Amino acid sequence: MTGLLYIAPAHAEFEWDLEGNIEAEFRAFPNDGLAPDTPDINTSLSIDPIVEMFFGRDHSVTINPYFRIDQNDGRRTHFDVRQLKWIGVFDDLEVRVGFDKVFWGVTESVHLVDIVNQDDGVEDVDGEDKLGQPLVSLSYWTEIGTFTAILMPYFRERTFTGRDGRPRSPLFVDTKQDFNATGSNNWHADFALRYAHTFSVIDLGVSYFDGISRDPMLLPGLGEAGEPVLIPFYDKISQVGVDIQATIDAWLLKFEGITVNGRNQDRSWSFAAGLEYTFYQVFDSDADIGVLVEYLWDSRGVMAPTPFESDLFIGLRWEGNDEQTTRVLGGVIFDMDTGTKNVFVEASRRLGDRWRITIDARFSIDVSPTDPTFPFRKDDFVQLRLARFF
Amino acid sequence: MTRLEMLPSSLLRTGCVAAALLFSAQAAAQSVDTAEGVTIATKAMEQCGETVDASTLAEAVEKGRAIALANEEYDAGFGDSEAEMRMILHNRHGETSERELRQMTLENPSLEMGDKSLIVFDRPRDVAGTSMLTFAKILEADDQWMFLPALKRVKRISSKNKSGPFMGSEFAFEDFSSQEFGKYSYRFLREEACPGAEEETCDVVERYPLYENSGYVKQVSWSDRQHRGHMTEFYNRRCDKLKTLTFSDYRQYLDHYWRAHKLRMENHLTGKSTDLLWEEYAFQVGLDEGDFNQNALKRAR
């Protein structure tokens, strides 16, 4: 849907646009969960509408609420303001104020450098869904690179699956008790700086973040009834990140690295490095096959809060390049310390002009008791999603 | 556990379009010299089983190149432009589906660099908001970035593949960029009445892609004396006539630049076809370098 209304001279025209989707999701868990009374099947519905309003060429307002209703999990039934922002462009300076989403980085299997937004952890297990972040951002483009400064005045905690939801660990994550190293108040001035530039085939980004960590430590504690629970604790950290991609012929060579210094933890280092190569028009067809390999490392070894302390990711992407944009992506993350393998397959296809069907399977094999994914070893699942776009 | 964000890779090639849409004024006088042109033409003709007349070949190569260069030079100096485009894909069973996009172009007056372009996809709706920034080069691979709106992610992508389908259509990237002079070697064939416009006289020129990964061994193009293309035939690597592109609904802008508003590509091997319809162009709308960087890509509409 698009509206066009001329209210003044050519460059002051007002335009608006509505887009987004409604999606039904069905999940099936073949195994009984480790937590009691968790469901084997689940149905859910989400709506993600985006209204954009343009005031001439240089000013726009975006409104993007998000709502999900879930059959079983009261925490997954949730509302979020994904975007609610004004963007103003003043020559080479871009100003953003409001709730927004910012992505930094180049690798596929993990996003180490990316830090502005909190995970919306109830959405999916892949960490790709983010909560809207209140911010003020200034970005200045020059011949020698783009300089960005972001002030984030309000901290948002990660969302976790509820008691009746899956996948979840047998120990319930008690988000009512979560706390951070700056005190209980979420009003804290986090800030970030970033420099990004393209040098021929190299795209480079260097970033700095100072504020409340987006990744909580899960501390053992007691719930309301005195039962053992996990309590999220968010440290005060500073993080330096570098992301580099070299794009040469059909090769993408990628590196992301960060170092984190926390008030309550020793300095840690982690990186992800790898490549992506695409075979175009394989077997005389229109289809492409992409191969992805990434190695993930964390200086804390098995003590790292992340499962990716020394892991190898291998992925295969098939793109039909057909009228219905059929594609299949499969991958495995192999933990070289514990032998645990996490496998996923995702396939999607457009139906007609406005529908898309997606089938995902996520399962784990040989999960070691020492692996951070051990509590989720019975939470393999298959999900079918059907989305209508408008 | 992780999920790779999935690139709409059918769009990957759109970089193509980008370059394509350019109708670039880069008359990069690179191309090849006459001796090389003769060698290239001889090789292609022999490959496709044609008889080579060595006595007239050099002259035909020079004349073909002169015609192509004149067409290219005529289109130089347009500055910048904005336009919307709709594609209608027809399959063998008579079913159709549609694509819509908007495109902005900034001409680069330098001969060493190509134009810059930004494309935003509107339909199908599941890719709405996806956008693509391309810095075209003449002989090297283009620089190309794609913005994925759901993840708010900008990804630099490979622009190597130029022969794959654009958004599932019968157009390939290189079909769009076909007017860039420096990307081919040429051979004049004959002059004749323009196909579909008998009152006009057309020069028929065969051209050979210099890009090693091109999907074509040769193309044959018909252009008239006002530098307007009327038809192009595409021959695949096996020398089969794969596709025919026809141009119509020409309109003139700024009293000079001709733009076809209807392009029809027919695939002779699959029976499928694609109509590409341009809405009215806007030229010299005041775009500058600041409208073609990654910040602009992220807020493109």
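Throughout, protein chains are lettered first and strands after them, A, B, ... in sequence-line order, and every chain is numbered starting at 1. Only heavy atoms go into these numbers, but all of them, side chains included; no hydrogens, no water, no symmetry mates. What you see is a predicted model; the values in this text were computed from it and never measured.
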(request) Please look at A:Thr198 and chain B and tell me whether the side chain, the backbone, both or neither of the residue comes under 4.5 angstrom of a heavy atom of that chain. (result) side chain

(request) Check whether A:Arg96 gets within reach of chain B through its side chain, its backbone, both or neither, counting any heavy atom under 4.5 Å. (result) side chain

(request) Verify whether one side chain among A:Asp371 and A:Thr373 offers a donor that lies under 3.5 Å from an acceptor in the other. (result) yes

(request) Below 4.5 Å from any heavy atom of chain B, which atoms of A:Gln245 appear? Answer side chain, backbone, both or neither. (result) side chain

(message) Less than 4.5 Å to any heavy atom of chain B: does that hold for the side chain of A:Val89, its backbone, both, or neither?
(response) side chain

(request) Would you please say whether a donor-acceptor pair under 3.5 Å links the side chains of A:Glu294 and A:Ser109? (result) yes

(request) Return yes if a side-chain donor-acceptor contact under 3.5 Å exists between B:Ser159 and B:Gln144, otherwise no. (result) no

(message) Tell me the closest heavy-atom pair linking A:His59 and A:Gly88, and the distance in Å.
(response) ND1-CA, 3.8 Å

(request) Identify which part of A:Glu143 has an atom lying under 4.5 Å from any heavy atom of chain B, answering side chain, backbone, both or neither. (result) neither

(request) Using non-hydrogen atoms and a 4.5 Å limit, figure out which bit of A:Leu93 sits close to chain B: side chain, backbone, both or neither. (result) neither

(message) Going by salt bridge (Lys or Arg N to Asp or Glu O under 4.0 Å), name the residues that satisfy it together with B:Arg92, two or more places apart in sequence or in a different chain.
(response) none

(request) Below 4.5 Å from any heavy atom of chain B, which atoms of A:Lys254 appear? Answer side chain, backbone, both or neither. (result) side chain

(message) Is there a side-chain contact between A:Phe308 and A:Ile333 in this structure, where contact means two heavy atoms from C-beta onward sitting under 4.5 Å apart?
(response) yes

(request) Check whether B:Gln294 gets within reach of chain A through its side chain, its backbone, both or neither, counting any heavy atom under 4.5 Å. (result) side chain

(message) If you count heavy-atom pairs within less than 4.5 Å of chain B, which of A:Thr247, A:Leu252, A:Asp114 leads?
(response) A:Thr247

(message) Just to verify, which of A:Arg354, A:Arg327, A:Arg356 counts as forming a salt bridge (charged side-chain N to carboxylate O under 4.0 Å, His left out) with B:Asp126?
(response) A:Arg356

(request) Could you tell me which residues satisfy ring pair (Phe, Tyr, Trp, His ring centres under 6.0 Å) with B:Phe135, sequence neighbours excluded, listed by chain and number? (result) B:Trp145

(request) Please flag which part of A:Asn21 lies under 4.5 Å from any non-hydrogen atom of chain B: side chain, backbone, both or neither. (result) neither

(message) Donor-acceptor pair, distance only, cut-off 3.5 Å: does the side chain of B:Asp288 make one with the backbone of B:Gly290?
(response) yes

(message) Quick check on the interface: out of A:Arg388, A:Glu52, A:Glu94, A:Gln324, who has the most heavy-atom pairs with chain B under 4.5 Å?
(response) A:Glu94

(request) Name the region of B:Ala150, side chain, backbone, both or neither, that has any atom closer than 4.5 Å to a heavy atom of chain A. (result) backbone

(request) Counting only heavy atoms closer than 4.5 Å, note whether A:Ser139 contacts chain B via side chain, backbone, both or neither. (result) both

